[in-house]
Number of protein chains: 2
Amino acid sequence: MAVGTRERLVEAAATSFMRQGYAGSGLKQITVESRAPFGSLYHFFPGGKVELAAEALRWAGAGYAQLVAAVLDASPDVVTAVGDAFAAAAHTLEATGYADACPIATVALEVASTNEPLREVTAEIFESWLDGLTARFAGEGIAPERARELAVLFVAALEGGFLLSRAARRVEPMEALGRTVAEAVQAALPAHA
Amino acid sequence: MAVGTRERLVEAAATSFMRQGYAGSGLKQITVESRAPFGSLYHFFPGGKVELAAEALRWAGAGYAQLVAAVLDASPDVVTAVGDAFAAAAHTLEATGYADACPIATVALEVASTNEPLREVTAEIFESWLDGLTARFAGEGIAPERARELAVLFVAALEGGFLLSRAARRVEPMEALGRTVAEAVQAALPAHA
DNA sequence: GTCTATAAACCGATAGAC
DNA sequence: GTCTATCGGTTTATAGAC
């Protein structure tokens with residue numbers, strides 16, 4: 001088999017959760033879009049919706065981390081790279097009609113006070129993102145505590161940018177954030193004049 | 001009457017949407033918590049869930065803007081004020097078990113690609129917040145374009161801070177953002193050395 | 001006009017035939 | 001292990017009694 005039923009279920013679930021949220025996504029619809037029989041869902045995920053969501057979030061979270069890392073790796077200096085990451089996010093928003101954004105955020109806010117197992121999954125994903133970015137900034141000679149602060153700023157601004165730009169259907173907030181976050185990173189560099 | 005049925009419905013809806021999201025909130029539950037007969041909901045809001053949500057979002061959005069403005073007004077200098085706002089948000093998160101955060105964000109992400117009327121309501125609320133903050137920063141002698149960028153940074157970082165802190169159930173991200181955003185405002189002040 | 005009862009559709013989840 | 005039929009419960013919304 002090229003792509004198994006199980007993988008199609010995870011992918012369709014991740015897309016549906018990103019665009020419609022957790023409570024707004026129906027399992028029926030996910031199986032239809034996966035071209036999977038409804039019963040197969042409970043064959044592969046005996047834990048039902050929560051187990052499927054946990055796997056979809058982890059899969060999408062790892063993919064998004066790779067995507068951001070690739071954009072950051074493409075630029076030689078870290079300040080330009082940060083600006084490019086926000087520009088890439090803005091471009092993706094425009095290209096997809098403001099549908100493709102963070103695959104974790106909507107669900108994370110929904111489950112933060114209502115579903116403890118899924119809340120822990122989203123916490124692990126965000127923490128892994130922050131760890132990777134902290135190491136990257138620290139590799140530029142920035143002190144660890146400062147590198148962590150910049151990583152938090154990067155992720156929070158990106159998430160806030162998705163929120164504001166999707167609501168307004170304009171990329172201006174995301175573009176403005178690219179400038180201010182890049183400046184903050186610039187100011188933290190040891191070689192900063 | 002002290003507080004009318006209609007106002008209780010709006011308040012209960014706003015709280016439910018903030019904690020459980022739009023799709024995750026049931027009208028039945030909202031009427032129970034409002035101590036309102038179910039039929040009264042459609043008496044006051046013939047447009048049903050969407051009309052109730054639009055009014056609840058606008059009401060909560062205006063209230064949150066007032067809350068933030070009060071915190072910012074309490075401090076004489078704007079840099080301290082920005083730090084205080086993030087500290088206040090962190091304190092509220094801890095005091096409410098990470099339940100009381102932004103009353104708009106969860107719904108805004110849910111409806112951004114699925115409900116055009118409500119998406120427009122969330123866009124108007126965010127834009128009113130940004131307008132108020134832009135005017136405040138401009139009042140400090142910061143150029144309009146720069147003031148707008150700082151307003152976007154403030155709101156995006158606050159929203160990203162709610163997301164990261166609620167997921168992790170730790171206030172460290174929100175506190176770190178208070179420091180970095182305050183620094184960004186400091187650097188933009190005309191009197192900045 | 002306030003409230004109860006219920007309609008009609010959909011939800012997550014399961015049983016069981018093949 | 002693939003797939004259908006359906007369970008019991010909940011959803012939004014409405015009809016109609018009082």
Side-chain angles (χ1 to χ4, degrees), chain A residues 1-57 106-107 109-111 113-119 121-122, chain B residues 1-57 106-107 110-111 113-119 121:
Chain A
M1 55 182 161
V3 177
T5 299
R6 187 191 157 94
E7 285 143 309
R8 289 204 311 276
L9 279 168
V10 171
E11 282 194 37
T15 302
S16 183
F17 291 148
M18 175 173 65
R19 300 188 181 172
Q20 304 171 229
Y22 180 75
S25 292
L27 296 184
K28 184 93 184 294
Q29 170 208 349
I30 290 173
T31 57
V32 168
E33 287 179 6
S34 306
R35 301 180 307 281
F38 188 77
S40 296
L41 195 157
Y42 284 88
H43 169 69
F44 290 115
F45 303 96
K49 194 177 190 179
V50 171
E51 188 181 346
L52 174 63
E55 182 140 335
L57 288 170
T106 311
V107 177
L109 288 178
E110 284 182 275
V111 303
S113 299
T114 60
N115 190 313
E116 185 61 13
L118 287 181
R119 191 223 103 219
V121 171
T122 64
Chain B
M1 53 181 164
V3 177
T5 299
R6 187 192 155 92
E7 285 142 311
R8 289 203 312 276
L9 279 168
V10 171
E11 283 194 37
T15 301
S16 183
F17 290 148
M18 175 174 63
R19 300 188 181 171
Q20 304 171 228
Y22 180 75
S25 293
L27 297 182
K28 184 96 184 292
Q29 169 208 348
I30 290 173
T31 57
V32 168
E33 287 179 7
S34 305
R35 302 180 306 280
F38 188 78
S40 296
L41 196 156
Y42 283 88
H43 170 67
F44 290 115
F45 302 96
K49 193 177 189 179
V50 171
E51 187 180 347
L52 173 63
E55 182 140 334
L57 288 170
T106 311
V107 177
E110 283 183 276
V111 303
S113 298
T114 60
N115 191 314
E116 184 61 13
L118 288 181
R119 191 223 104 219
V121 171

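In what follows, chains carry the letters A, B, and so on, assigned in the order in which the sequence lines appear, proteins first and then strands, with residues in each chain numbered from 1. What you see below is based on every heavy atom in this structure, not just the backbone, and it leaves out hydrogens, waters and symmetry mates.
A:I30 has its CD1 atom 11 Å from the P atom of C:dA13, to the nearest Å. Rounded to whole Å, atom P of D:dT2 lies 10 Å from atom CZ of A:R8.
Residues A:T106 and A:M18 come closest through the heavy atom pair OG1-O, 3.9 Å.
For the ring-ring contact (aromatic ring centres under 6.0 Å, His included) condition, the pairs that include at least one residue of residues 20-53 of chain A, sequence neighbours left out, are A:F17-A:Y22. For residues 27-40 of chain B, the set of pairs meeting the side chain to side chain donor-acceptor pair (under 3.5 Å) definition, not counting sequence neighbours, comprises B:Q20-B:Q29, B:Q29-B:E33. Among pairs with a residue in residues 13-22 of chain B, those fulfilling salt bridge (charged side-chain N to carboxylate O under 4.0 Å, His left out) read B:R19-B:D100, at least two apart in sequence or across chains.
Looking at residues two or more places apart in sequence or on another chain, you find a side chain to side chain contact (heavy atoms under 4.5 Å, CB included) between B:A14 and B:A56, B:W59, B:A60.
Counting only distance, with no hydrogens or angles, the side chain of B:S25 and the backbone of B:S16 share a donor-acceptor pair below 3.5 Å.
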Protein proximity profile, nucleotides 3-14 of chain D - base contact B, sugar-phosphate-only contact S, no contact -, cut-off 4.0 Å on heavy atoms: BB-------SBB
Just the atom pairs and distances: protein N or O near nucleotides 16-18 of chain D's N or O, under 3.5 Å.
none

Worked check of salt bridge (Lys or Arg N to Asp or Glu O under 4.0 Å) between B:E116 and B:R119: CA-CA 5 Å; B:E116 184 61 13; B:R119 191 223 104 219; 2.4 Å; yes
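The phosphate of C:dT2 has OP1 or OP2 within less than 4.0 Å of a side-chain N or O from B:H43.
Note that the CD atom of A:E51 and the CG atom of A:L41 stand 9.5 Å from one another [nearest 0.5 Å].
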